[in-house]
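See below for the structure under consideration.
We number each residue from 1, following the sequence as shown.
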Amino acid sequence: MYFVGVDLAWGERKPTGLAVVDGHGHLVHVSAAKTDDEIVAALTPYVEDDCLVAIDAPLIVTNASGNRPAEAELNKDFARFDAGAHPSNTAKREFRDQPRGARIAARLGLDMNPRSGRARRAIEVYPHPATIALFRLGRILKYKNKSGRDREQLRAELLVLLGLLEGLASADPPLLVDGRPGADPQPPAWRTLRKAVETAGRKTELRVVEDQVDAVLCAYIALYATRRPEDTTTYGDFETGYIVTPTLPADLAATPRGRTNASDVRDPGTAVREYAEIHPELRLAADQFVRLATTILDEAGINYLSVTGRAKSVASFAAKAARTVDGRPVFTDPLREITDVIGIRVITYVHSDVQAVADLFEDQVVVHDDRDLGQETASEGRFGYASRHLLVGLDPVREGQDTYELLRGRQAQVQIRTVLQHAWAEFEHDIRYKGTIPVEHVPDFDRRFTLAAGLLELADREFSTIRDRLREGMTGPAVEAGDDDPRISPRELAAFLAGQYADAGWSRTDHYAWISSLVLELGITSLGELGDVLRSVDAETLQDRMAYRYPPGAVRRLDDALLWVYGDTYVDLRANDHRVPALRARLAKMRATG
């Protein structure tokens with residue numbers, strides 16, 4: 001199914017913006033057209049089957065003067081945000097006969113009844129109220145060309161809108177302007193739109209972009225109305241005209257006019273605008289934090305399932321910035337006080353590894369805050385949400401490195417939890433916050449969630465016990481694989497290291513394969529040869545020199561032992577090209593005397 005957005009011009013002399021989003025939220029088409037024939041030709045490939053076409057223009061106008069009932073109703077909610085609709089009536093020439101929007105819908109064979117269950121439909125939408133509701137803005141973005149607005153103001157506001165739309169990548173439902181997986185990382189059309197805004201020398205150049213960006217927003221409104229009908233409002237009706245828009249949040253207040261900078265509380269709407277402007281950079285910073293966290297874990301040889309991250313979407317930031325308690329804002333300066341705009345999640349296999357990861361971050365970066373929510377829940381005598389939350393920033397050494405330029409002065413919230421804790425948290429969140437539980441069933445659901453949390457905590461403990469028992473029993477080499485691979489097999493190596501370093505944690509499966517290749521590059525092809533090499537290591541002195549502040553995994557212990565024995569030769573191995581500086585720093589610690 002396709003969701004189509006049409007920012008329809010009043011006549012055929014000005015451009016009409018067109019956009020198409022697929023059922024997964026991927027933006028698949030953006031363009032501009034002028035004539036009805038051009039519009040129909042561009043959209044026909046996308047409306048032949050199931051579709052919803054959202055048109056920013058009146059489709060049904062029957063009143064002789066004033067506002068349509070739909071406009072009057074919408075204005076009661078949105079006029080205070082400067083998002084009210086202009087009056088549409090048959091006294092205006094463009095609505096005297098069939099409105100252009102209705103004419104386009106008829107040529108495409110679309111049903112215009114908003115309550116219709118037909119597969120191919122068109123609806124009337126209005127972007128300004130949608131931006132207020134979707135992004136919790138205190139007032140509309142003023143990117144439309146009007147008297148008193150200069151080019152730089154229009155450009156700045158339009159760039160904010162671009163950022164808001166890009167931030168919908170993590171919304172529900174998502175809008176993915178970066179195209180379908182496997183395609184060009186960013187469609188030329190969207191890249192061109194942003195470039196055009198950044199380099200526009202005249203207002204008219206911004207106008208062409210504005211129409212197409214509005215069309216993308218219209219297409220998203222169609223997707224939103226389909227996926228979240230319970231959060232969508234239809235003002236008016238099919239007989240007198242209607243407007244479909246995301247529902248205005250009940251707690252959203254308009255930005256007071258004339259507010260000065262002297263106020264102790266920053267306007268959430270202003271904070272949202274600023275956040276939208278920096279959001280593209282925050283997404284890059286989140287990716288960099290993920291790479292840093294992964295490198296730290298891999299270097300330590302700690303076992304984990306996954307490391308993921310994200311920058312909080314603009315819509316999510318807006319909702320959090322607008323929170324109040326007893327009528328007072330929770331955040332007086334949202335941009336400074338909301339600390340989870342960058343979030344990293346580390347999923348481990350067993351509970352003991354959660355502490356290992358926390359200790360590792362304490363050693364490698366600056367931890368500004370550390371909360372064990374599972375421990376807090378347990379201290380209250382309850383079972384429930386369990387996760388370790390760290391607020392981290394760069395250590396002084398990395399602060400000065402160009403590699404981490406985007407992370408300077410920024411913090412990230414790191415959630416560390418086991419697979420089972422993660423499964424419980426995700427399911428509970430979907431049910432409680434995204435689902436609808438009838439009031440009469442809440443006590444029963446609470447009891448069942450508590451029971452599930454208790455069972456999962458027990459399972460986590462049993463998994464830890466199973467792993468410890470297995471590790472205790474893996475003290476000898478496994479049976480030879482018997483293939484032509486000269487390497488010591490990862491399975492054999494894992495069993496050998498479990499006996500060699502009985503106090504070390506397990507490492508990731510792929511890390512055993514990686515260290516096996518390094519061992520082969522040293523010319524070691526059997527566990528007997530490897531054992532001879534490791535017997536030459538002064539393990540006690542090595543441990544003292546490294547002064548581990550976290551429990552290193554078995555692979556990291558072997559890595560350090562080989563570095564101890566072979567020194568510069570080990571650093572210069574081909575497979576170590578990507579980590580030479582880190583190895584040299586470790587080698588210097590090993591060679592320190594005193």
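Here the CD-CG distance, from E492 to L527, works out to 5.5 Å after rounding to the nearest 0.5 Å. Atom NE2 of H389 is separated from atom CD of Q413 by 5.5 Å, given to the nearest 0.5 angstrom. Q500 contributes atom CD, which lies 8.5 Å from atom CG of L558 (distance to the nearest 0.5 angstrom). Atom CG of residue D532 and atom OG of residue S526 lie 8.0 Å apart, to the nearest 0.5 angstrom. Here NE2 of H511 is found 11.0 Å from CD1 of I302. Values are rounded to the nearest 0.5 Å. From R194, atom CZ reaches atom OG1 of T199 across 12.0 Å, with rounding to the nearest 0.5 Å.
Using a 4.5 Å heavy-atom threshold, the side chains of V414 and F289 count as separate. L522 has its side chain within reach of L573: a pair of non-hydrogen atoms, C-beta onward, lies under 4.5 Å apart. Counting only heavy atoms from C-beta outward, the side chains of R417 and V354 never approach each other to under 4.5 Å. At least one side-chain heavy atom of V216 sits less than 4.5 Å from a side-chain heavy atom of L175. Residues R491 and Y512 fail the side-chain proximity criterion, which asks for heavy atoms closer than 4.5 Å. Residues L360 and I296 meet the side-chain proximity criterion, which asks for heavy atoms closer than 4.5 Å. Between V341 and Y275, the closest side-chain pair of non-hydrogen atoms falls below 4.5 Å. Taking 4.5 Å as the limit, some side-chain heavy atom of V290 sits within range of a side-chain heavy atom of T294.
The minimum heavy-atom distance linking I416 with S387 is given by the pair O-OG, 3.6 Å. Residue L223 comes nearest to G23 through the heavy atom pair CD1-O, 4.5 Å, listed as atom of the first residue, atom of the second, then distance. Shown here for V366 and P396, the closest heavy-atom pair between the two residues is CG2-CD, 4.4 Å. Shown here for G523 and E529, the closest heavy-atom pair between the two residues is O-OE1, 3.7 Å. Residues R398 and D395 share a closest heavy-atom pair of NH1-OD1, 2.8 Å. Nearest heavy atoms, R310 versus D340: NH1-O, 3.2 Å.
At distances below 3.5 Å, at least one donor-acceptor pair connects side-chain atoms of D22 with backbone N or O atoms of H26. For the pair T418 (side chain) and H351 (backbone), a donor-acceptor distance under 3.5 Å is absent. Under a 3.5 Å cut-off, the side chain of K312 and the backbone N or O of F317 do not form any donor-acceptor pair. Proximity of a side-chain donor or acceptor of S316 to a complementary backbone N or O of S313 within less than 3.5 Å is not detected. Distance alone, capped at 3.5 Å, places no donor-acceptor pair between the H24 side chain and the L176 backbone.
A side chain to side chain donor-acceptor pair (under 3.5 Å) check over residues 557-567, counting only residues at least two apart or in different chains, returns the pairs D503-R557, Y548-D560, R556-D560, D559-Y570, D559-R579, D559-R586, D560-R586.
Using a 4.0 Å cut-off between a side-chain N of Lys or Arg and a carboxylate O of Asp or Glu, R408 and D402 qualify as a salt bridge.
Listed by chain and residue number, R155, L158, L159, L162, L206, V209 satisfy the side-chain contact (heavy atoms from CB on, under 4.5 Å) test with V197 (two or more places apart in sequence, or in another chain). E277 is linked by a salt bridge (Lys or Arg N to Asp or Glu O under 4.0 Å) to nothing, counting only residues two or more places apart in sequence or in another chain.
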Inset, instruction - Starting from the C-alpha separation in whole Å, work towards a yes-or-no answer on side-chain contact (heavy atoms from CB on, under 4.5 Å) for V314 and V272. - result: CA-CA 7 Å; V314 181; V272 172; 3.9 Å; yes

Inset, instruction - Applying salt bridge (charged side-chain N to carboxylate O under 4.0 Å, His left out), run through D538 and R545 and close with a yes or a no. - result: CA-CA 11 Å; D538 183 346; R545 298 260 175 97; over 6 Å; no

Inset, instruction - Show your reasoning for whether side-chain contact (heavy atoms from CB on, under 4.5 Å) applies to T525 and L520. - result: CA-CA 6 Å; T525 59; L520 178 62; 3.8 Å; yes

Legend entry - Audit row: Q355, R388, side-chain contact (heavy atoms from CB on, under 4.5 Å) steps and yes/no: CA-CA 9 Å; Q355 183 62 48; R388 189 77 171 265; 3.0 Å; yes

Legend entry - L297/V357 under side-chain contact (heavy atoms from CB on, under 4.5 Å): CA gap, chis, key distance, verdict: CA-CA 7 Å; L297 291 170; V357 173; 3.9 Å; yes

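Heavy-atom contacts from other residues, nucleotides or ligands closer than 6.0 Å to NE2 of H368 number more than 12. The environment of CD in E152 is crowded: more than 12 heavy-atom neighbours from other residues, nucleotides or ligands sit within 6.0 Å.
A cation-pi contact links R508 to Y304, judged by a cut-off of 6.0 Å to the six-membered ring centre and 45° from its axis.
Using a 3.5 Å distance cut-off with no hydrogens or angles, the side chains of S517 and E521 do not pair a donor with an acceptor.
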